[in-house]
Amino acid sequence: MWWSIEVFDGAFPATLWQDAHGRFLVEAALTRRGRNWWWHRHDWGVVFEVEFDDEDVWEGFRRLPAVQAALDAAPDPIGGLLIYPGRGGSSGRVSPRATSPTSGAGAAALSIPPEDIFPEPAPDPRSSSVDVAGF
């Protein structure tokens with residue numbers, strides 16, 4: 001079962017994060033019976049892919065202090081850290097996606113200004129032209 005940890009560039013490049021914590025992540029994976037592991041560098045960050053026999057072994061790996069410290073030290077730990085099952089950002093599609101045809105010219109219709117729909121307000125039916133103050 002493959003798991004991926006994607007780290008995006010943030011306050012500093014993710015490659016510096018990999019240089020600082022990569023060795024500890026690999027060692028932690030190997031001591032927790034990790035079967036395979038891969039690092040992938042991209043222009044947006046890095047991906048660490050690791051394979052374990054089952055989810056329980058993965059959870060044990062995630063609870064290790066070295067792994068927790070590495071994840072906490074990510075360049076952007078809130079918006080720039082993704083952890084999920086499966087292969088990561090390195091596993092693209094075998095063939096490119098087919099584009100769906102665009103109807104018409106592909107442009108959106110212009111909105112109609114409200115004054116063209118309702119040029120003047122409707123009169124209030126409760127009001128009359130008779131002055132009620134004179135009775």
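From a predicted model like this one, the values you see are computed outputs, not experimental measurements. Hydrogens, waters and symmetry mates play no part in the numbers below; they use all other heavy atoms, side chains included.
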Connected via hydrophobic side-chain network under 4.5 Å: F24 and L30: no

Nearest non-hydrogen partners of S4 and E49, listed with the distance: OG-CG, 3.7 Å

Side-chain heavy atoms of D53 within contact of R35, under 4.5 Å: yes

Shortest non-hydrogen contact between A74 and P77, atoms and distance: O-CD, 3.3 Å

Distance-minimising heavy-atom pair for V50 and A29: CG2-CB, 3.6 Å

Cationic N near anionic O, under 4.0 Å, R41 to D19: yes

Aromatic plane relationship, F61 with F52 - under 30° parallel, 30 to 60° tilted, over 60° perpendicular: tilted

Ring geometry between H42 and W44 (parallel below 30°, tilted from 30 to 60°, perpendicular above 60°): parallel

Shortest non-hydrogen separation from A70 to L25 and the atoms involved: CB-CD2, 4.0 Å

Distance in Å, D9 CG paired with T15 OG1, rounded so as to fall on 0.5 Å steps: 6.5 Å

H40 side, atom NE2; R87 side, atom CZ - distance, nearest 0.5 Å: 5.5 Å

Intermediate values then yes/no, side chain to side chain contact (heavy atoms under 4.5 Å, CB included), W3 and E55: CA-CA 9 Å; W3 290 84; E55 193 167 347; 3.9 Å; yes

A14 to P75 - nearest heavy-atom pair and separation: CA-CG, 4.0 Å

Minimal non-hydrogen separation, D76 against G10, with atom names: CB-CA, 4.3 Å

Main-chain N/O of E51 paired with N36 side-chain donor or acceptor, under 3.5 Å: no

Any side-chain heavy-atom pair of V47 and W38 under 4.5 Å: no

CH2/W37: more than 12 non-hydrogen atoms of other groups inside 6.0 Å: no

Same cluster (ILVMFWY, side-chain, under 4.5 Å), L81 and L64: yes

Distance (rounded to the nearest 0.5 Å) between H21 NE2 and D72 CG: 9.5 Å

Single-linkage hydrophobic cluster W39~F12, side-chain heavy atoms < 4.5 angstrom: yes

Sub-4.5 Å side-chain heavy-atom contact between I83 and R62: yes

Beyond-backbone contact of M1 with W58, side-chain heavy atoms, under 4.5 angstrom: no

ILVMFWY cluster, W2 and I5 together (side-chain gap under 4.5 Å): no

Linked, directly or transitively: L71 and F8 (ILVMFWY side chains, under 4.5 Å): no

